Amino acid sequence: MSPSADLSETIRARLFAFPERHLNSVADLDPPDVTALLDLADAFVELNRQASKKLDLLKGRTLVNLFFENSTRTQSSFELAGKRLGADVVNMSPRTSSVAKGETLVDTAVTLNSMKPDLLVVRHGASGAAALLAQKVGCSVVNAGDGWHEHPTQALLDLLSMRRALGSVSGLTVAICGDVLHSRVARSNVGLLNLMGARVRLVGPPTLMPADADRWGAEVFHDMRDGISGVDVVMMLRLQLERMDGALVPSTREYFRFYGLDAEKLACARPGAKVMHPGPMNRGVEIDSGVADDLSVSLIQDQVEMGVAVRMAVLASLAARLGNER
Amino acid sequence: MASPPVAFVNARVIDPDSGYDGPGCVVVAEGVIADVQRTPHLDAGSSEMRVVDCDGAVLAPGLIDARVKSGEPGAEQRETLKSVSRAAAAGGVTSIVLQPDTDPTVDEPAVVDFILRRARDLELVNVHVAGAATRGLEGQRMAEIGLMDEAGAIYFTDADRPIVNSKVMQRVLSYAGAFNALVAHRPADPWLSEGAAATGGELAARLGLPAVPAVAERIMLERDMALVEQTGARFLVDQISTADALESLRRAKDKGLEVSASCSINHLSFNEIDIGDYRTFYRLDPPLRPERDRQALAEAVAEGLIDIIVSAHTPLPAEDKRRPFSEALPGAVGLETLLPALLNLHHDGGYDLVDLLRAVTIAPAQLLGLPGGRIARGAPADLVLVDINAPIVVDLERLHSKSKNSPFEGRRLQGQVLLTMVDGRIVHQRAR
């Protein structure tokens with residue numbers, strides 16, 4: 001059984017060549033590109049809900065998932081996206097292989113390049129690592145998270161989730177709450193939401209807020225009730241537990257008291273406001289289970305579904321740009 | 001609650017908030033100041049009023065002492081909440097702020113709550129609590145500043161222990177900003193002051209005492225001012241003691257930073273010469289400084305550069321003090337001598353009484369967000385009636401503190417507290 005002819009047609013009609021060779025940062029995107037990507041992703045959502053999810057847009061292409069940091073969710077999302085589009089997918093976790101033997105990032109890149117991949121998905125703990133790799137390899141590089149810098153496909157999937165739940169994103173007010181300082185998700189979302197005409201607020205204790213975050217085109221709040229007052233979307237960020245033992249936050253209980261999202265604080269947001277979280281969640285620390293699991297407000301499960309579709313759209317359009325040049 | 005209104009008549013009312021110093025009457029009803037009249041005799045009294053003829057004595061807002069140590073919990077042999085409250089009442093001090101260096105440390109909300117409840121049940125003076133800035137006062141990890149703030153802690157400090165790690169200090173200042181909380185810090189470079197028992201100079205050298213150079217204070221103060229400038233925190237310099245550091249403080253204030261400073265009554269009353277006989281009651285931290293520093297501090301109080309005066313009440317029993325000078329623990333009791341010692345600066349030093357009283361009434365009230373510290377309609381009836389001319393001799397046996405380590409021992413001062421009132425309740429009264 002193959003996908004319905006109509007859907008295949010829709011997907012082919014919406015397919016476009018990505019404007020850049022790499023997706024490193026949301027700053028590489030223009031509003032029309034973003035809209036085209038989301039429209040394409042919408043079609044992939046339909047595809048993914050069918051029994052037969054397989055297309056051949058990436059047939060013959062090789063996708064390498066190069067994850068220097070552990071990530072179950074993002075890695076499997078890219079893997080599924082590649083496989084559903086017909087690519088050959090290889091997962092590499094250099095943390096446990098050559099890096100342990102002392103190989104540098106550039107050495108790894110050169111080695112990989114000799115294997116002639118078409119698409120390289122990279123996650124690395126250091127900001128700028130994806131950009132460095134992009135300079136050294138011949139294929140398209142997708143940044144799947146580099147240090148505290150960016151995670152552009154996360155911002156795109158968040159945007160798709162919002163658009164599907166609330167219609168247009170333009171004019172919405174989105175509060176991004178928690179550990180903004182260490183968050184690549186926050187940086188990508190601020191950039192993309194601003195690009196698409198949403199108003200952004202950043203909410204968190206001053207110790208988790210970058211200096212001059214107010215110059216990012218976002219309003220900064222240290223009081224959560226003030227910060228989410230009247231917003232359309234509350235986007236929670238994950239807080240690493242080791243940062244909560246007095247170094248940046250006194251304790252988990254104090255964090256939950258002032259910055260954890262529970263029903264009482266959520267009541268400050270606009271009625272009908274949606275809750276998002278990039279996962280994995282620390283329940284009872286940054287988010288109360290009652291809120292996270294309330295399907296009338298939580299988009300958290302949708303976000304995972306949108307993740308696969310958005311990554312299919314990114315991979316397909318990057319491959320469309322590659323053409324047959326290789 | 002049902003007690004009849006009290007009218008203080010024929011008083012010399014001093015209210016540093018309004019700057020008034022002159023004849024007046026004050027009527028107290030239901031715990032608050034119901035009326036203030038700037039005439040010696042009451043215009044329209046009611047027959048149910050209890051009238052107190054002040055006979056020209058000074059009626060001032062009760063004193064607010066922002067730096068007091070008790071021994072409870074953990075060192076009840078030094079001082080209890082009851083004995084410290086009694087000492088405060090006897091000294092005309094109606095609000096005290098306890099330091100967090102107890103056992104257990106006041107570094108989480110349950111301990112704040114415990115102390116506030118215990119103190120409230122005593123129904124003596126207003127007891128407030130300063131929370132620890134870092135857990136266990138260890139200077140490593142932030143304490144639960146937000147939760148303690150909610151529980152009623154009114155500022156945050158590691159008391160006598162400097163927060164050495166600049167990154168920890170920066171984070172404490174930054175984090176406290178989210179709660180608009182005040183952070184207090186002792187300016188003392190830890191390495192320069194390690195083991196010191198006296199201030200550096202010719203006298204300490206002659207006495208053979210380990211000494212800390214005065215710059216140790218300025219070095220840490222300059223660091224703190226830089227971090228305050230960067231974080232925008234509300235900051236209290238805890239017990240400034242050198243003329244050198246006053247200049248740093250002035251620059252910070254001129255820049256518009258939200259910085260205040262305290263100074264202990266001991267450093268306004270004594271100088272390094274007083275340690276000459278190795279009398280351990282003069283072993284203090286920071287150590288007593290040369291006379292020129294003492295004079296600079298007094299001038300700084302008069303001009304308002306130093307905002308508040310504290311007793312730095314530190315009860316220590318004989319076993320902690322009856323030791324060689326450098327081995328004795330530093331600190332002095334001060335609640336019961338704070339007011340007479342202040343008055344001494346007026347009588348002997350010529351400083352303006354209203355300026356001096358401002359630093360122990362309205363200035364700390366505003367800094368700490370407390371409702372008292374003023375004589376005005378609607379303010380809490382926290383008052384002290386004092387005969388500012390009555391001669392007294394400081395007699396250790398008559399102190400209410402459990403510990404008797406007063407450097408004022410045997411000193412002749414002027415200023416007898418006649419009556420102390422808290423929330424309309426008379427908590428101390430001396431038969432005339």
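Proteins get letters first, then strands, A, B, ... in listed order; numbering begins at 1 in each. Remember, predicted model here, so these are calculated numbers, not experimental data.
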Which atom of A/Asn282 lies closest to which atom of A/Arg238, heavy atoms considered
OD1-NH1, 3.4 Å

Taken to the nearest 0.5 Å, the spacing of A/Asp179 CG from A/Trp148 CH2 works out to 8.5 Å

Contact origin within A/Tyr255 toward chain B - heavy atom pairs under 4.5 Å:
neither

Heavy-atom distance under 4.5 Å to chain B: side chain of A/Leu208, backbone, both or neither?
neither

Salt bridge present between [X] and [Y] (N-O < 4.0 angstrom):
X: A/Arg283; Y: A/Asp293; value: yes
X: B/Asp307; Y: B/Lys253; value: yes
X: A/Arg257; Y: B/Glu144; value: no
X: B/Asp113; Y: B/Arg117; value: yes
X: A/Glu150; Y: A/Arg184; value: no
X: B/Arg67; Y: B/Asp160; value: yes

Only heavy atoms, only distances under 4.5 angstrom. Which residues in residues 145-154 of chain B are near chain A?
B/Ile145, B/Gly146, B/Leu147, B/Glu150

Can you pull out the residues in residues 170-189 of chain B with any heavy atom less than 4.5 Å from chain A?
B/Arg171, B/Ser174, B/Tyr175, B/Ala178, B/Phe179

Pairs involving residues 200-228 of chain A, ordered by first then second residue, that meet side-chain hydrogen bond (donor to acceptor under 3.5 Å, both in side chains) (sequence neighbours left out):
A/Arg225-A/Glu264

Qualifying residues under side chain to side chain donor-acceptor pair (under 3.5 Å), relative to A/Thr153, sequence neighbours excluded
A/Arg311

